[in-house]
Amino acid sequence: MPLFLKKLVSFEDFNGNFNNIGQVHKTLACFNLGNETPLWKHWGFAYNNPNSDHAEQIILQELYTFLGLDQSNISLKYKLNLYTSYSPCFSCCKDLCSFLDTYKNQVSMHLKIAKLYKFYDSNNQRGLQMLRENGADITIMDLEDYKECFYLFVSPTDTFQPCPDLNHYSYGNARDMDLLWNEDESRSKITIHKSEICHCKGSSGGNESSSVFAATEFSTPESKKDNNEARKITPEKLHIAHGCKGHKGVKRKLSF
DNA sequence: ATTTTCAAT
Ligand SMILES: [Zn+2]
């Protein structure tokens with residue numbers, strides 16, 4: 001397992017996974033678990049296991065093992081900081097929700113994300129929305145977060161040097177995430193309003209309220225038919241591929 | 001506003 005406990009991340013791996021704006025085909029996730037005392041109770045990092053486990057799964061497994069022993073100490077309040085080079089996929093979001101549910105009122109989760117993973121996939125978007133609704137604090141890493149992550153997990157003595165345009169990309173990702181949160185909030189009212197009449201499935205029409213409800217119910221896993229036209233955030237490239245010349249892309253589609 | 005990405009060649 002590519003899990004490293006109480007060890008620092010190398011400069012090379014930090015730069016290769018966090019401090020870059022390229023397309024990286026692996027994920028690095030760093031975590032620390034603390035409480036009132038200044039010293040971390042547990043910390044480390046993990047890479048994904050190629051073609052097998054996502055980095056979040058590996059860290060969650062470690063946390064279940066670690067916290068399982070502490071189950072008796074109800075009064076303890078843990079704070080989990082999780083830095084991930086990619087945002088969690090839909091499946092990992094569900095796993096993170098389960099973790100929060102398992103340690104309800106015992107562990108708070110603070111997720112700091114470098115880049116959005118396959119954000120065009122509406123399932124991944126819904127996963128992040130669900131995770132947030134389940135109490136996780138989710139943000140895109142800004143320059144200060146990169147600096148902090150570097151300080152905590154790479155070197156407390158060296159100076160973090162952001163790669164060119166890192167701040168610019170971070171800002172763009174943060175904007176995408178804000179749009180997702182805004183979409184989430186405006187739709188949550190619909191979900192509540194329609195919650196009583198959404199039990200009847202099968203009635204097609206694929207209206208938005210039923211799909212929202214399905215998401216809330218965790219009842220739509222990786223359905224391969226991802227041709228969901230209700231998707232709100234779509235890369236401009238997709239529009240171009242479909243022969244649509246819309247330049248506003250995300251912004252336009254989310255204006256409601 | 002940068003986009004196909006926890007690969008697959
Ligand atoms: Zn995942």
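Sequence lines set the chain letters: A, B, ... in the order given, protein chains first and strands last, and positions in each chain run from 1.
- Across the protein-nucleic acid pair, A/L116 atom CG and B/dA1 atom C1' stand 13 Å apart, rounded to whole Å.
- Using cut-offs of 30° and 60° on the angle between ring planes, the pair A/Y146 and A/F160 is parallel.
- Going from atom CZ of A/F119 over to atom C1' of B/dT3 covers 11 Å, rounded to whole Å.
- The existence of a salt bridge linking A/D101 and A/K104 is confirmed by a sub-4.0 Å separation between a basic side-chain nitrogen and an acidic carboxylate oxygen.
- Within 4.0 Å (heavy atoms only), A/T84 reaches no atom of the nucleic acid at all.
- Taking the P atom of each, B/dT5 and B/dT9 are spaced 12 Å apart, rounded to whole Å.
- The interatomic distance linking A/K26 (NZ) with B/dA8 (P) rounds to 16 Å, in whole Å.
- In this structure, CG of A/N124 is placed 10 Å from C1' of B/dT5, rounded to the nearest angstrom.
- Across B/dA7, B/dT3, B/dA1, the shortest atom-to-atom separation from the side chain of A/Q23 is found for B/dT3.
- Residue A/P88 is in base contact, counting any heavy-atom pair closer than 4.0 Å across all strands shown.
- The shortest distance between the side-chain N/O atoms of A/Y117 and the OP1/OP2 oxygens of B/dC6 is below 4.0 Å.
- Relative ring orientation between A/Y47 and A/F4 is described as perpendicular, the plane-to-plane angle rising above 60° on a 0-90° scale split at 30° and 60°.
- Here the P atom of nucleotide B/dC6 and the CG atom of A/N49 are 14 Å apart, to the nearest Å.
- Using atom P as the reference point in both B/dA7 and B/dT3, the two lie 22 Å apart (nearest Å).
- Rounded to whole angstrom, the span from the NZ atom of A/K118 across to the P atom of B/dT5 amounts to 7 Å.
- Following rounding to the nearest Å, A/D176 (CG) and B/dA1 (P) show an atom-to-atom distance of 11 Å.
- Under the side chain to side chain donor-acceptor pair (under 3.5 Å) criterion, A/S108 pairs with A/H110, sequence neighbours left out.
- Taking only side-chain nitrogens and oxygens, A/N173 never comes nearer than 4.0 Å to OP1 or OP2 of B/dA1.
- Under the 30°/60° scheme for interplanar angles, the aromatic rings of A/W40 and A/F153 are found to lie parallel.
- The phosphate of B/dA8 has OP1 or OP2 within less than 4.0 Å of a side-chain N or O from A/N51.
- Taking 3.5 Å as the limit, the base of B/dC6 and the side chain of A/E56 contain a donor-acceptor pair of atoms between them.
- Separating the CG atom of A/L166 from the C1' atom of B/dA1 is a distance of 15 Å, rounded to the nearest angstrom.
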